[in-house]
Amino acid sequence: MTQSKFFERSDLTRTLWGFRREFFLVGLFSMVANLLMLTPTLYMLQVYDRVLLSGSELTLLAVSLVTLFLLGVMAFSEWTRSRLLVRAGVRLDELLGTKVFNASFEAYLAQSGHNPSRAFADLTELRQFMTGNGVFAFFDAPWTPIYIGVLFLLHPWLGVAAIFFTLVQMALAWFGHRHTIAPQVAASKAQADVNAYLQGKLRNAEVLESMGMVGNLRGHWSARNDKALVDGHAAQGISGRVMALSKFIRYTQQSLSLGIGALLVIDGQMTPGAMIAGNVLMTRALAPIDQLVGSWRGFIGAREAFARLEALLQAHPERDPALTRVPPTGALALREVVATAAGRQEPILKGIDLEIPAGTVTVVLGPSGSGKSTLARVIMGIWPEVSGEVLLDERPIQGWNRTELGPHLGYLPQDIELFEGSIAENIGRFTELDSPKIIAAAESAGLHEMILRFPKGYDTSIGEAGNLLSGGQRQRIGLARAIYGDPALVVLDEPNANLDDAGEAALLKTVRELKAKGKTVFLISHRPGVVAVADRLLVLRDGRVHAEGPRDVVLASLQAARPPAPAQSPDAGAATPPLPAAV
């Protein structure tokens with residue numbers, strides 16, 4: 001395999017390979033900095049072995065000025081390589097941030113068990129390693145043999161001592177990696193489980209308190225927390241022993257190298273200046289090994305983060321930005337659609353075939369568990385496990401550019417998801433605020449007057465997940481968000497579940513307005529009132545189409561199949577057609 005083919009194996013690898021110029025320059029400046037690290041050693045030799053013996057102040061001045069200049073060049077080189085890595089880190093975020101965000105969002109949407117925050121933690125870990133001490137250690141490590149060679153020039157025994165302590169430190173690094181990584185991973189996972197468990201329960205604090213469940217759940221939390229404490233104590237104990245041993249070896253190396261030098265001076269084999277210079281140089285020679293030992297854990301984490309990010313980006317590649325389409329009209333077609341879910345043997349939807357013309361209102365009816373909400377997600381293109389075809393304007397829904405398609409779709413899920421921010425931001429889908437469109441959507445949803453009664457009107461903050469609003473208010477804001485910008489296709493899943501009579505009347509008015517504008521509306525509900533605005537009815541039972549077609553035709557067929565009902569009094573009529581028992 002050629003080098004070019006190797007670096008084309010993944011999008012992430014190609015991105016990192018694009019930083020080769022920056023890393024070449026970092027290596028070049030590292031070479032200069034490490035070469036000039038010999039300056040203090042040479043300065044000591046000159047001062048002890050020449051200046052002090054000659055007593056020449058002019059020589060001291062000249063040597064000091066040269067040393068000062070070289071140290072300035074060394075500092076500039078280290079500063080420059082740090083700046084290069086900082087800029088590389090910023091550019092890495094610019095190149096990968098959007099890709100990782102989109103890929104992690106798609107992975108989470110596919111219900112693959114992926115945690116989006118994990119992907120960004122991986123990106124941060126990879127960036128920090130690539131722009132931190134780990135890279136410096138990588139470029140500084142090749143200079144250890146050179147420093148050891150200089151020590152051999154001073155005296156062979158100093159070189160032998162440096163090699164010995166290098167091997168000891170490498171053995172300690174191997175021992176630390178072998179015995180500390182697994183306990184630390186276990187401790188981190190246990191603590192993350194405790195935090196996730198507690199956070200999940202805090203979201204339902206009112207339920208726990210009202211029904212006296214806090215004490216019951218405290219026991220479950222305590223068991224998880226005790227395990228996290230035990231794992232953390234074990235990891236800290238091993239790490240502490242390794243750190244203590246490393247410190248002992250480091251201090252021993254500093255003292256013994258000085259002792260070896262003193263012995264050689266006593267024997268007349270070295271000068272005092274060479275003894276002190278050798279001690280400083282040995283410390284410098286072993287410093288990259290210390291850095292590698294300290295960076296090894298970061299390298300392991302960065303390697304694992306790289307593997308996870310590479311798999312994520314390969315599974316969810318960036319979509320082709322050239323996939324631009326004309327705005328959809330809202331015509332839907334489903335052909336042999338089967339929707340399944342992990343851990344479930346029987347499909348949720350079983351061979352759904354539908355043709356929904358643009359500009360019509362389709363009301364979906366059916367008992368609980370018949371697949372209505374799943375069908376809504378399939379139509380929106382957000383259900384992960386689907387076979388068959390879901391076509392929007394005769395094009396597969398997954399073939400559209402979602403960013404481009406999004407403004408032409410409106411979706412109100414059964415569980416309303418609002419986001420921390422103002423009412424205007426939530427209605428306007430967190431795009432650049434367009435006041436006329438936001439107000440128009442609120443008025444269409446019958447929400448405008450209610451919003452004006454808030455102290456700050458449209459600028460009122462709704463809190464995290466809209467927890468400062470009632471269920472009906474959240475549902476109506478969700479409805480306004482769904483119809484914001486007059487989308488071509490609007491899917492409403494139980495939009496009147498939390499609405500009072502006035503709210504339901506506003507909902508029916510909204511649906512009629514959408515129909516008048518030629519929008520396609522797909523509405524799921526259990527309430528009979530919405531049937532009055534329907535052009536077509538779709539009845540689901542056990543994941544299959546039980547009945548489908550024009551409203552009056554479907555109602556007539558279902559009514560004919562319904563057992564006779566007891567006679568009603570003459571004044572017991574209803575304004576809307578009653579739902580047959582089959583529904």
Side-chain angles (χ1 to χ4, degrees), residues 16-47 61-95 124-151 153-154 158 162 165-166 169-170 173 246-247 250-251 253-254 257 273 276-303:
L16 297 183
W17 180 239
F19 289 89
R20 59 189 179 277
R21 177 177 174 274
E22 284 83 351
F23 285 110
F24 172 78
L25 292 175
V26 169
L28 183 63
F29 282 108
S30 295
M31 180 186 69
V32 174
N34 279 280
L35 185 62
L36 294 179
M37 284 289 182
L38 295 171
T39 301
T41 301
L42 297 175
Y43 182 71
M44 285 183 187
L45 287 172
Q46 296 300 316
V47 170
L61 178 61
V63 170
S64 299
L65 289 176
V66 172
T67 301
L68 184 63
F69 171 75
L70 294 178
L71 291 176
V73 174
M74 182 184 70
F76 174 78
S77 299
E78 291 192 334
W79 175 80
T80 303
R81 70 177 186 172
S82 297
R83 290 288 298 171
L84 283 170
L85 289 181
V86 169
R87 293 182 179 181
V90 173
R91 194 157 72 90
L92 182 66
D93 261 348
E94 292 175 350
L95 292 174
T124 300
E125 187 169 9
L126 183 62
R127 186 191 71 241
Q128 288 177 343
F129 179 79
M130 289 183 55
T131 60
N133 292 330
V135 173
F136 293 150
F138 173 78
F139 284 112
D140 291 345
W143 286 84
T144 293
I146 297 176
Y147 295 143
I148 294 177
V150 176
L151 286 171
L153 292 177
L154 292 176
L158 291 178
F165 282 110
T166 298
Q169 285 189 329
M170 292 175 65
S246 176
K247 186 176 292 186
R250 189 180 303 114
Y251 290 155
Q253 168 259 316
Q254 292 173 357
S257 63
I276 298 176
N279 181 262
V280 174
L281 190 58
M282 185 176 294
T283 301
R284 177 58 202 165
L286 298 179
I289 304 300
D290 277 338
Q291 281 185 308
L292 286 176
V293 172
S295 304
W296 184 254
R297 188 181 308 161
F299 168 74
I300 297 298
R303 185 179 65 180

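Distance alone, capped at 3.5 Å, is enough to place a donor-acceptor pair between the Arg20 side chain and the Trp17 backbone.
Note that the CZ atom of Phe29 and the OG atom of Ser82 stand 11.5 Å from one another [nearest 0.5 Å]. Rounding to the nearest 0.5 Å gives a distance of 13.0 Å between CD1 of Ile146 and CE of Met37. Atoms CG and CG, on Leu70 and Leu42 in that order, are 9.0 Å from each other to the nearest 0.5 Å. Atom OH of Tyr147 is separated from atom OG1 of Thr166 by 13.0 Å, given to the nearest 0.5 angstrom. To the nearest 0.5 Å, the span separating CG on Leu158 from CE on Met282 amounts to 5.0 Å. Distance check: Phe23 CZ to Leu85 CG gives 6.0 Å after rounding to the nearest 0.5 Å.
Listed here is the closest heavy atom pair of Arg81 and Val26: O-CG2, 4.0 Å. Closest heavy-atom contact between Ala33 and Glu78: CB-CG, 3.8 Å. Closest heavy-atom contact between Met74 and Leu36: N-CD1, 3.5 Å. Closest approach of Leu84 and Glu22 over heavy atoms only: CD1-O, 4.4 Å. Here the closest non-hydrogen pair linking Asn34 and Phe139 is ND2-O, 4.4 Å. The shortest heavy-atom contact between Ile148 and Ala162 is CG1-CB, 4.0 Å.
Side-chain atoms of Val66 and Thr39, non-hydrogen and from C-beta on, never get closer than 4.5 Å to each other.
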- request: Would you please test Phe76 and Val32 for side chain to side chain contact (heavy atoms under 4.5 Å, CB included) and show each step?
  value: CA-CA 10 Å; Phe76 174 78; Val32 174; over 6 Å; no

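Annotation for Arg91: atom CZ counts as buried by contact number, over 12 foreign heavy atoms lying within 6.0 Å.
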